[in-house]
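Since the structure comes first, as C-alpha cells, the remarks are kept for the end.
By convention here, the first residue in the shown sequence is residue 1. The model shown is predicted, which means the values in this text are computed figures rather than measured ones.
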Amino acid sequence: MGYQLSDLQRETLAEVFNIAMGRAAKAMSNIVNEEVLLSIPQIRMVPRSEASSLLGGPEQRVYSITQTLDGEFHADAILILPQARSMDLVRLMLGSPQQLELVTELEREALTEIGNIILNACIGTVTNLLEGQFSISLPVLQSGLCGDIIESHAARQSEEDVVLLLQIDFTVEKHSINGHLAFVQTVSSFQALLARIDRFIEKAAQG
C-alpha cells in the first residue's frame, strides 16, 4: 500500500503530536483547575473503510468535533469521543451534575470547546513545524454512530480515502478517558503530508 508510514515518519509524527498534546493539556488544565494529562500512545494509518471498527465499532455512539484543514494538503481533523464517557470531561469543565440524556446547549458548547482546544493544538503544531500555510474551519460538533460519522467525511471524488488514526489518553482527576483523533484525507493528500514530513526530517538532520 502506498500510504504506510516508515518508522522514522511515525516517530516524527508521534513527537510532533505529543508536543501538541502537552499544549492542549496545559490549556485544559487552566479551564478545569486540575492537572490534565494527554498522551498519544499509538499512531497508525488505515483505509477509511476500516477506521470505525478500530474506534470501538461502527455502532458505537460517539461525539465528534471536526475542523477542516486546507492548504498544501487537505484533511478533516476529527476528535472522536465515546458518548458514554465524554460527558465526564464536560462536567469537569462545568461542574454539572446533569444526566447524559439531558445534554444542554451549554454542555454542547463545552464539548465543542474541548475539541477546539485539542484540534487547534494539533493542527497548529503540525503546520508550524512543517512550515505549511493552511486555512482552518471552525469546529463542528456531531453526535451519532461512529460508522456514520466516519462515512460522512468520505471524499467526493473517486480517489481512496485513508485515515491517520491517533489514540488519545485523557487523565483528569480520577477519570481516565480514551478518545481518538482521525485525519481523513485522500491518498494524494496524505502523500503531500509525507513529503512535508520528510523535508522536516531532512532539515532536522542537517541541523
Side-chain angles (χ1 to χ4, degrees), residues 1-30 35-48 50-51 54-55 64-80 114-140 150 153-155 157 159-171 178-207:
M1 289 181 289
Y3 52 79
Q4 293 302 310
L5 295 163
S6 70
D7 289 342
L8 185 55
Q9 289 167 339
R10 192 184 308 276
E11 290 170 5
T12 301
L13 280 174
E15 181 179 351
V16 168
F17 281 117
N18 276 301
I19 290 171
M21 287 299 101
R23 294 174 179 174
K26 183 177 180 180
M28 289 183 65
S29 296
N30 291 336
E35 184 180 21
V36 176
L37 301 177
L38 294 172
S39 63
I40 297 180
Q42 187 176 51
I43 297 177
R44 50 189 163 180
M45 284 300 307
V46 298
R48 183 179 52 78
E50 297 178 11
L54 298 173
L55 294 168
S64 71
I65 302 93
T66 302
Q67 288 184 281
T68 298
L69 181 67
D70 264 315
E72 185 172 330
F73 54 87
H74 172 95
D76 286 342
I78 316 166
L79 177 66
I80 299 172
I114 291 169
N116 191 44
I117 290 169
I118 293 173
L119 290 172
N120 278 345
C122 287
I123 292 172
T125 302
V126 169
T127 56
N128 286 339
L129 290 181
L130 301 184
E131 299 179 342
Q133 297 294 323
F134 299 90
S135 63
I136 304 170
S137 71
L138 294 174
V140 176
I150 293 295
H153 292 279
Q157 59 261 50
E159 188 177 358
E160 180 185 8
D161 287 332
V162 293
V163 180
L164 178 64
L165 194 60
L166 296 80
Q167 180 181 331
I168 301 178
D169 287 348
F170 299 78
T171 303
N178 294 323
H180 287 86
L181 184 62
F183 286 83
V184 181
Q185 53 197 146
T186 63
V187 171
S188 61
S189 185
F190 177 68
Q191 289 170 341
L193 170 61
L194 286 188
R196 277 284 181 180
I197 294 169
D198 289 340
R199 285 199 292 271
F200 174 77
I201 292 170
E202 182 179 356
K203 185 176 179 180
Q206 293 173 348

* To do: Could you tell me the separation between the CD1 atom of I150 and the CG atom of L54, rounded to the nearest 0.5 Å?
  => 10.0 Å
* Euclidean distance, L79 CG relative to I114 CD1, rounded to 0.5 Å -> 8.5 Å
* Asked: Excluding sequence neighbours, so at least two apart, what forms salt bridge (charged side-chain N to carboxylate O under 4.0 Å, His left out) with R23?
  -> none
* Among pairs that include at least one residue of residues 182-201, which meet salt bridge (charged side-chain N to carboxylate O under 4.0 Å, His left out), considering only residues two or more places apart or in two chains? -> E72-R196, E72-R199
* Quick one: list whatever passes side chain to side chain contact (heavy atoms under 4.5 Å, CB included) with N120, sequence neighbours left out. => Q67, N116
* Asked: side chain to side chain contact (heavy atoms under 4.5 Å, CB included) with Q42: which residues, sequence neighbours excluded?
  -> R44, Q167
Please list, one pair per line, the donor and acceptor atoms closer than 3.5 Å that link side chains of residues 11-20 to other protein atoms, with sequence neighbours excluded.
| from | atom 1 | to | atom 2 | distance (Å) |
| --- | --- | --- | --- | --- |
| T12 | OG1 | L8 | O | 2.8 |
| N18 | OD1 | I40 | N | 3.3 |
| N18 | ND2 | A14 | O | 2.9 |

* To do: Measure the spacing between OG1 of T186 and CD of Q191 and express it to the nearest 0.5 Å.
  => 8.5 Å
* Does the side chain of V126 come within less than 4.5 Å of L69's, by heavy atoms? -> no
* Structure fact -> Applying side chain to side chain donor-acceptor pair (under 3.5 Å) to T68 and not counting sequence neighbours gives D76
* Distance from L37 atom CG to M28 atom CE, nearest 0.5 Å? -> 11.0 Å
* To do: Keeping the roles fixed (side chain from T127, backbone from G124), state whether a donor-acceptor pair exists under 3.5 Å.
  => yes
